[in-house]
Every structure is written in C-alpha cells, then in structure tokens.
Protein chains: 2
Amino acid sequence: METIEQLLESKDIRVTAMRLLIYKFLAEKEVAVTLSDIENAFEKADRTTLYRTIKTFEEKDIVHQIDDGTGITKYALCEQGCSCNIKTDLHLHFHCTNCGETVCLTDHKIPQIKVPEGFISENVNLVVKGICDKCSG
Amino acid sequence: METIEQLLESKDIRVTAMRLLIYKFLAEKEVAVTLSDIENAFEKADRTTLYRTIKTFEEKDIVHQIDDGTGITKYALCEQGCSCNIKTDLHLHFHCTNCGETVCLTDHKIPQIKVPEGFISENVNLVVKGICDKCSG
DNA sequence: GTTAATAATGCACTTCTGTTGCATCCCTTT
DNA sequence: AAAGGGATGCAACAGAAGTGCATTATTAAC
C-alpha cells in the first residue's frame with residue numbers, strides 16, 4: 001500500500017508536516033469541504049498556507065474543486081484513478097439543501113450533453129440539489 | 001404586444017424609471033450578466049438599488065440566477081413561459097472559457113439524472129464549459 | 001557540515017461580491 | 001394637502017479570494 005508521503009512525491013508535491021495533516025483531514029472527510037472548514041480544523045495554521053496548500057493539491061490533481069451553487073468553493077480528494085482533469089468522464093455532485101453537505105457521487109457519470117452547432121464542450125459541471133440520504137431517512 | 005410596463009405590473013412589480021432601464025438592459029443582452037456588469041452600465045445608480053432590483057425581479061420570476069462556476073452569480077431574463085421556478089424542466093447553461101460569457105441554452109433540456117437510493121433530487125444545475133460559437137468560428 | 005538556493009509558511013493588506021440598516025425621496029391613495 | 005408605503009441612496013460590514021513580502025524550513029551544492 002502506498003503511503004501518503006509516496007503519493008505526494010509521485011505527484012511532485014514536497015512533503016511537509018502541514019501538507020500531510022491537510023491530506024489526512026481531507027481523506028477522513030466523506031464530504032467536500034470549504035476553505036473555512038479546513039481553517040476551523042487547523043486554527044493554529046495560517047489561512048494563506050491552507051489556501052495555497054489546497055491550490056497546490058488542485059494543480060497537481062489530487063483534489064478537485066466543486067462548485068455546488070452555495071457560492072463557496074468546496075474541495076474533495078480525487079478518487080483513485082480520478083479523471084477530473086480529463087474532460088470527458090466526470091462524476092456529479094449532490095448538494096443537500098437541508099444539512100448543506102456536498103458529496104461526490106462518483107458512481108454516477110454525467111450523460112453526454114449535446115450542445116448547439118459551433119459550441120465546443122470541454123467540461124461539464126452537474127450539481128443535483130435536494131435531500132441527502134442522511135436527511136431523508 | 002405587451003409593453004414592459006404591463007409585464008412588470010402583471011408580476012406585481014411597481015414600475016419605476018430605474019426598473020424599466022434595467023429590464024431593457026437585460027433584454028438587450030443575449031448573455032447572462034453579473035451585478036457588476038449592470039453596475040458598469042448604470043454608473044449613476046447606486047449598487048444597492050441595482051442589487052435589490054435584480055432580487056425583486058428574481059422573486060417575481062422575471063429573471064433567473066445562473067451559477068456558471070466562475071464564483072460570480074449571473075442573471076438572465078426568463079424566456080416567455082420560462083419554468084425556471086419549477087423544479088423539473090430546467091435548461092442548461094454554457095460558459096465560454098475564452099470570452100467568459102454565459103448563455104442560456106433554452107432549447108437543451110437537462111436529461112433525467114439518477115441519484116442513489118435515499119437521495120431526493122429537487123433541482124439540477126448543469127453548466128457546460130468550453131468554447132462558444134463566437135469564439136470557435 | 002556548512003552554505004547557498006529554493007520552496008513553504010505566516011503576516012498584513014487589498015479587492016470583490018453580497019448583504020443589511022437607516023435615512024430620504026417619490027409616488028399613490030385618501 | 002397629508003399620510004403611508006415602497007423605492008432609492010448612503011454607509012458600513014462580512015466573508016471569500018487573492019497578493020506581496022518577510023521569515024522560516026527544506027533541499028541541494030560544495
């Protein structure tokens with residue numbers, strides 16, 4: 001099994017204590033988190049560091065950004081073999097309007113969307129809003 | 001043909017000079033606009049007024065809000081018979097990563113999306129990103 | 001192992017969007 | 001003409017996002 005250190009190194013990310021902690025935090029969460037979620041979890045650390053760490057993770061394709069319509073950007077770890085940097089095979093996200101949580105529905109692929117003549121589709125963002133399984137039960 | 005005054009009145013919106021101007025501005029635009037777009041077009045008017053005018057239009061269902069993933073909320077006039085307030089018949093939006101413009105593809109309906117057991121879908125936001133017809137030509 | 005270079009972190013500050021409270025103005029109705 | 005209610009304008013605030021620079025830590029070179 002691959003350690004987190006190995007994973008980061010394989011993605012050209014220098015390993016630091018901070019980055020390991022942030023990675024672990026993201027791995028423990030099953031839902032997408034905002035920057036302030038991370039901020040609250042690491043009150044000792046500076047906001048800028050957290051911000052730039054996430055940006056680094058994003059550039060190196062180990063987290064992907066989610067825009068769930070709340071106006072606040074959320075982030076989640078890419079799955080093993082996540083192809084969020086590839087344009088065609090995107091999963092969708094579910095935003096619960098009750099608890100506010102956003103989860104990746106990695107099993108549910110986005111159907112092919114037709115666009116009019118002249119338009120070139122490169123990426124699709126699909127967010128379903130409603131009530132999640134925890135809140136509907 | 002219905003005048004703008006009649007339209008506003010039919011939606012319980014009091015007609016003012018400002019509101020007529022903002023409505024006309026939205027009608028002329030073929031793309032979704034941000035609040036600062038409107039701000040730039042009406043430099044004499046106060047930001048708050050424009051903000052609240054749009055909010056009023058939104059409440060009364062003559063504009064709909066678009067979240068195209070840029071992080072900035074955009075607005076567009078609802079089409080004749082627009083059902084954006086109804087949960088099922090939503091059109092999709094196209095965001096051009098070249099010119100930054102976002103257009104409503106009102107003819108293109110969103111396919112039914114399956115969600116896992118326990119999840120209740122109430123609303124779907126679908127934004128296709130890529131190159132628009134003007135930029136690809 | 002010390003030093004030089006490079007990257008990471010922390011602090012301060014700025015910008016932008018969105019929002020609210022309050023005073024004032026304008027229009028409508030009586 | 002006066003009163004009431006909504007519209008407008010001003011000020012101010014909150015939160016997210018982002019940048020510049022100094023400082024610290026890590027790696028690489030000698």
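Just so we're on the same page: letters track the sequence lines, and every chain starts at 1. The figures that follow rest on heavy atoms only: side chains count, while hydrogens, waters and symmetry mates do not.
- Side-chain contact check for A:H64 versus A:C104: some heavy-atom pair is nearer than 4.5 Å.
- For the pair A:D67 CG and C:dT17 P, the computed distance is 16 Å after rounding to whole Å.
- A:F42 pairs in a side chain to side chain contact (heavy atoms under 4.5 Å, CB included) with only one of the listed residues (A:L21, A:T49, A:T53), which is A:L21.
- Residues satisfying the ring pair (Phe, Tyr, Trp, His ring centres under 6.0 Å) test with B:F57, not counting sequence neighbours, are none.
- The CD-C1' distance, from B:E43 to D:dG9, rounds to 16 Å in whole Å.
- Although no hydrogens or angles enter the test, the distance criterion places no donor-acceptor pair under 3.5 Å between the side chain of B:E28 and the main chain of B:F25.
- Atom CG in A:D37 sits roughly 14 Å away from atom P in D:dG15 (whole-Å rounding).
- Of the two residues near DNA chain D, B:T56 and A:T34, the one whose nearest nucleotide lies more 5' is B:T56.
- Scanning both residues, A:C96 and A:C99, for their nearest heavy atoms gives SG-N, 3.4 Å.
- Atom NZ of B:K44 is separated from atom P of D:dA7 by 21 Å (rounded to the nearest Å).
- If you chain together ILVMFWY residues whose side-chain heavy atoms come under 4.5 Å of each other, A:I131 ends up grouped with B:I120.
- In the region residues 8-18 of chain B, proximity to DNA chain D at under 4.0 angstrom, judged on heavy atoms, holds for B:R14, B:T16, B:M18.
- Residue A:T97 holds its OG1 atom at 5.0 Å from CD of B:E122, rounded to the nearest 0.5 Å.
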Could you list all N or O pairs between the protein and nucleotides 23-25 of chain C that sit under 3.5 Å apart?
none

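- Judged purely by atom type and a 3.5 angstrom limit, B:D37 has no side-chain atom pairing as donor or acceptor with the backbone of B:V33.
- As a whole-Å value, the separation of A:I54 CD1 from C:dA8 P is 15 Å.
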What protein N or O atoms touch nucleotides 18-21 of chain C N or O atoms at under 3.5 angstrom, if any, and at what distances?
unit_1 : atom_1 : unit_2 : atom_2 : d
C:dG18 : OP1    : B:T73  : N      : 3.1
C:dG18 : OP1    : B:T73  : OG1    : 3.0
C:dG18 : N7     : B:R47  : NH1    : 3.2
C:dG18 : O6     : B:R47  : NH2    : 3.0
C:dT19 : OP2    : B:Y51  : OH     : 2.8
C:dT19 : O5'    : B:Y51  : OH     : 2.9
C:dT19 : O4     : B:R47  : NH2    : 3.1
C:dG21 : O6     : B:R52  : NH2    : 3.0

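- In this entry the distance linking CG of B:L50 with C1' of D:dA7 reads 12 Å, nearest Å.
- One interatomic measurement links the two molecules: CD of A:E59 to C1' of C:dA8, which rounds to 14 Å at whole-angstrom precision.
- Taken residue by residue, residues 20-32 of chain B places no heavy atom nearer than 4.0 Å to DNA chain D.
- Atom CD1 of A:I13 sits about 12.5 Å away from atom CD of A:E5, to the nearest 0.5 Å.
- Separating the CG atom of B:D46 from the C1' atom of D:dG6 is a distance of 16 Å, rounded to the nearest angstrom.
- A donor-acceptor contact shorter than 3.5 Å is absent between the side chain of A:R47 and the backbone of A:E39.
- No salt bridge links B:K11 with B:D61; every basic N to acidic carboxylate O contact stays at or beyond 4.0 Å.
- Atom CG in A:L126 sits 6.5 Å away from atom CD1 in B:I110 (nearest 0.5 Å).
- With B:D133 contributing its side chain and A:G118 its backbone, the two residues share no donor-acceptor pair below 3.5 Å.
- For the residue pair A:H93/A:T102, the side-chain donor-acceptor check at 3.5 Å is not satisfied.
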